[in-house]
Amino acid sequence: MANALQADAITVQFGGLVAVNDVSFSVPEGGIVSLIGPNGAGKTTFFNVLTGLYKPTSGVVRLGDEIITARPPHIIAKHGLARTFQNIRLFGLMTAEENVMVAMHSHMRSGILRTLLKTPHQRREEAQAHARARELLDYVGVGRYASEYARNLPYGDQRRLEVARALALQPKVLLLDEPTAGMNPQESAAFVEFVRRVREEMHVSILLIEHDMSVVMRVSERITVLDQGQKIAEGTPDEIKSDARVIEAYLGKSGVEGGR
Amino acid sequence: MARHTSIESTSNRRWAIGFTAAAAFLFVLYHWIVPNSPQPVHDFVQGWFSNANTNEMIVYIIMALGLNVVVGYAGLLDLGFVAFWAIGGYVAGWLMSSFLGNFQINIFGNPAPGLEMGIHITFWWVLLLAGGFCALWGIIIGAPTLRLKSDYLALVTLGFGEIIPQVFVNGQDINGFNLSNGTQGITPIDPIKFFGFRDLGPFDLDYKFVIYSVICAGMVMVSLRLRSGRLGRAWLAIREDELAASMMGVPLMRTKLSAYAVGAFAGGLGGVVFATHINGVFAERFNFSISIIILAMVVLGGMGNVWGVMVGAIVLSWINGIGLQQLGNTINTTFNTDINFPSFNFLIFGSLLILMMIFRREGFIPEARTRLVMHEHDRDNEEVQ
Amino acid sequence: MTGAPGRSAPTIDPKDLTLKISGAIIGLVIVLWLGKNFLYDPGQFLTVAIQGLKNGALYALIALGYTMVYGIIQLINFAHGDLFMLGTMMSAFVITTVLGQSSPGPAGYAAFVVALVVSMAFCGGLNVGIERFAYRRLRRAPKLAPLITAVGVSFVLQFIGLRWNGSGQKQWQSVIPDGQINIGSVEIDVQTIIIFAVTIPLLLLLTWLVTRTKQGRAMRATAQDQDAARLMGINVDRTISFTFALGGALAGAAGLMYQQVVGTTAYNLGFQLGLIAFTSAVLGGIGNLTGAVLGGLLIGLIQGLNDGLVYGLGQQWSQSVVFTILILLMVFKPAGLLGKNVTEKV
């Protein structure tokens, strides 16, 4: 199967510190893959390389056929890589609907002149954007909050709004950064279902960073484990469960702290 | 969908009607009522709300709306906005007077008799040219600095706001070329042609008021339309969270630059309008405190809110123009004191900025969303890994 | 962009290259200009250069206040220059009005020392008060708020200066002797010597305070990471107050020397000098103490050369020259000479 996202031999150094060391990794088209690892394993750094925030010391990232290594974040977004944030980063003082519409920016054309003149094209484009935003809000289940400020939404709904905003980019790959952080088990379970549904209905591939093992095991088709910047294992959930190195990384020397 | 559009257009119609009514009232007041009123009424109005000051207010509204795009919408602090005012003014000086006497160009211009030398272009074209020229300068100064942190931008704009007036003050001899006529300034400026039947010279304040109001209405419309469109959303997104905005496909540089350019354009308009209002351009009027006064207007009105900013501009330009002087005179004569009230300008604007920031950051007429932004106290430090 | 360490391959970024080339061209033009002037009249060149360094020492003292405050709470303290302005007035008040000294001599020198202490204490205390009243409440607020507040404070201080000093300039008699020392064809004012005689010990004292004392360590820790410092038991509020006190005191010292050497006070003095000093701080790398001193001396030197040399633009462009340097710096080397780049984290 073709890969929607492929990272080859990514290395990131900060000064003398190697945060990510020669990690290769791919997300197959239509797949759900997870990246796990103990705290400080380099997951977030790796994510930041994918989204263009960091320039890797070496290595190449491909989105479909496009090489996106170290391109500006907005270009990468336009090519179809969308993300949510570990600590929610909505545009707090814009309405939920506007939040979603911001992400349509790169797919819209109207510049200053068209907006000022309200040309037919601009009106049509705005109308379509509004309609599409409503659809997406309804789809993730926060339609009733369309004209609320994003920061006034309940926590779980803010997470869903972030997904709606990411989907508005029409992504090929959706990166979810600890999406169930702060959720209780019922909410997490519902979120897992939701992620599956999004994958089916929106035709996206999904890459997940997650701490909650029950979520990871339930939703992922493949799992990659990072520890101290190295890839230490890769495989199906069952393979990972029984991998000695993974168990050591999680429970071994730092067993007490890693168990949470 | 249809519902959305209709709400927007009704509110648009409402402001257009309100604005027109207010402008018409003021025109009638200054054109018919005041001249035909008994002397005390006449003196009162001309003392406290002179039409010269009203016209100046409009200039300030235009400027403040421009700065509001930069500071209120996009969240970029510009401390040198006066530079665009100055540049706009000098464009009017160059293109609407006999100053550049080596040329004799007249494009729908309206030179006063005997002053046909120089460049004379019609007011409306000069507005666009000055706006465009300022926008260009905005881009030149913004392009290298907007990639930096926002507080550096404040500083560079501040420097720019200092250099430009200095260039004009010293500009009577730049390698033998007289750019600005130095401290003497450029005067007179061509009268505006009022719908072809009247030349508006220095004293036709009430007709000029009509023209300025039209330009101001245009600026209000620009502010509102841009805010509700694609670009406005991108500006606000940058104000809210720059990084998230870029990851949602908003190109930061270009979007910030466009805010900066639109603001500069408005500054240019204000400069041309002001030049025709005082019938000249004088380099020494463009100092740092003007930049701060305009910023205070935006802050007082509630950043991002068009109506609040307009009210802020009206109140502060009144205080700065005649209000403080008049209040002072009244108090001094009533209580037989001798206090120099205009010298309190610094204290008033300074403490206004401080107190507003500490106690009422959302401004007096907040846009609901700004209220939240400004009180977003304990946004905990972003998680750093 | 510039923050990522290392590169995947030795590729040349065209934007980078353009910046480097234009930077080199600008550097070359400056060197040629200096060379031409030096050859024209070496004696005058050196005289003017020393004159420039004299101002540079004052800029350095003010720049230190900017850089320390920026280092610790990332605020451009727009009011800092006005603090310096009030320092000049306090000095004039102490020496001339209170102590009645207007000429060199033992009594005059004693008055100078008293004024130094009073002015430093006054500016330091005022700076601490401003921080307590205004900036502290806004420490967690969005960046725009403290910046605008600082501009407001600057206006209020200018108002105080305006009421204190009047709207024009005031001239003062100096207690520093006027003479000059000639070394070959180079003239050095006694004033210059006094300025360095005061500035250098102050800088040594500051270095000692920052590197050797507990408060200094607390300061550096807080500048690095406020939250971590708090966890380590450092009283962050007090440390920030201490920083403001130090910065203010240095501005007070600079105020005294300016008043004595230039001999004038004016309410709008702080604005221009403050901006020049801030440019110095940026030139040296903001947050870096050595950088601020280096930047101050360099800016003073450049300004002195521009104002005094035959092939200079002359004094009326002095301000523009400094701001042009500032803007060029932002374009070519925003981190300054001794600073380092940082990137934002998610």
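Between chain B and the residues A19(A), A103(A), A82(A), the most heavy-atom pairs under 4.5 angstrom are made by A103(A).
Note that CE of M101(A) is 16.0 Å distant from CE of M248(B), once rounded to the nearest 0.5 Å. Atom CG of L236(B) and atom CD of E98(A) lie 7.0 Å apart (nearest 0.5 Å). Going from atom CE of M247(B) over to atom CG of L53(A) covers 4.0 Å, rounded to the nearest 0.5 Å. If you take CZ on R109(A) and CZ on R230(B), they are separated by 6.0 Å, rounding to the nearest 0.5 Å.
Applying the side chain to side chain donor-acceptor pair (under 3.5 Å) test to Y60(B) and every residue at least two apart in sequence or in another chain returns nothing. For D227(A), the side chain to side chain contact (heavy atoms under 4.5 Å, CB included) partners at least two apart in sequence or on another chain are P38(A), I232(A), A249(A).
When all heavy atoms of H74(A) and L252(B) are compared, the pair lying nearest together is ND1-N, 4.5 Å. When every heavy atom of S106(A) is checked against every heavy atom of G249(B), the shortest pair comes out as CB-O, 3.9 Å. The two residues R89(A) and D241(B) make their nearest non-hydrogen contact at NE-OD2, 2.8 Å. Nearest heavy atom pair, residue L231(B) against residue I112(A), reads CD2-CG1, 3.3 Å. Across every non-hydrogen atom of G229(B) and T115(A), the tightest pair is CA-CG2, 4.1 Å.
Within a 6.0 Å sphere centred on CZ of R62(A), other residues, nucleotides and ligands contribute 12 heavy atoms or fewer. The number of heavy atoms from other shown groups lying within 6.0 Å of CH2 (W124(B)) is above 12. Atom NZ of K78(A) has 12 or fewer neighbouring heavy atoms from other residues, nucleotides or ligands inside a 6.0 Å radius.
Only the side chain of L169(A) comes within contact range of chain B, with heavy atoms under 4.5 Å apart. Contact of A261(B) with chain A is not made at all, since no heavy-atom distance falls under 4.5 Å. Residue I88(A) does not touch chain B at all, counting heavy-atom pairs closer than 4.5 Å.
The closest donor-acceptor contact from the side chain of E240(B) to the backbone of L90(A) lies at 3.5 Å or more, if one exists at all.
The side chain to side chain contact (heavy atoms under 4.5 Å, CB included) test with R233(B) singles out one residue from M104(A), H105(A), M108(A), and that residue is M108(A).
R225(B) has no carboxylate O lying under 4.0 Å from a charged side-chain N of E126(A), or vice versa, which leaves the two without a salt bridge.
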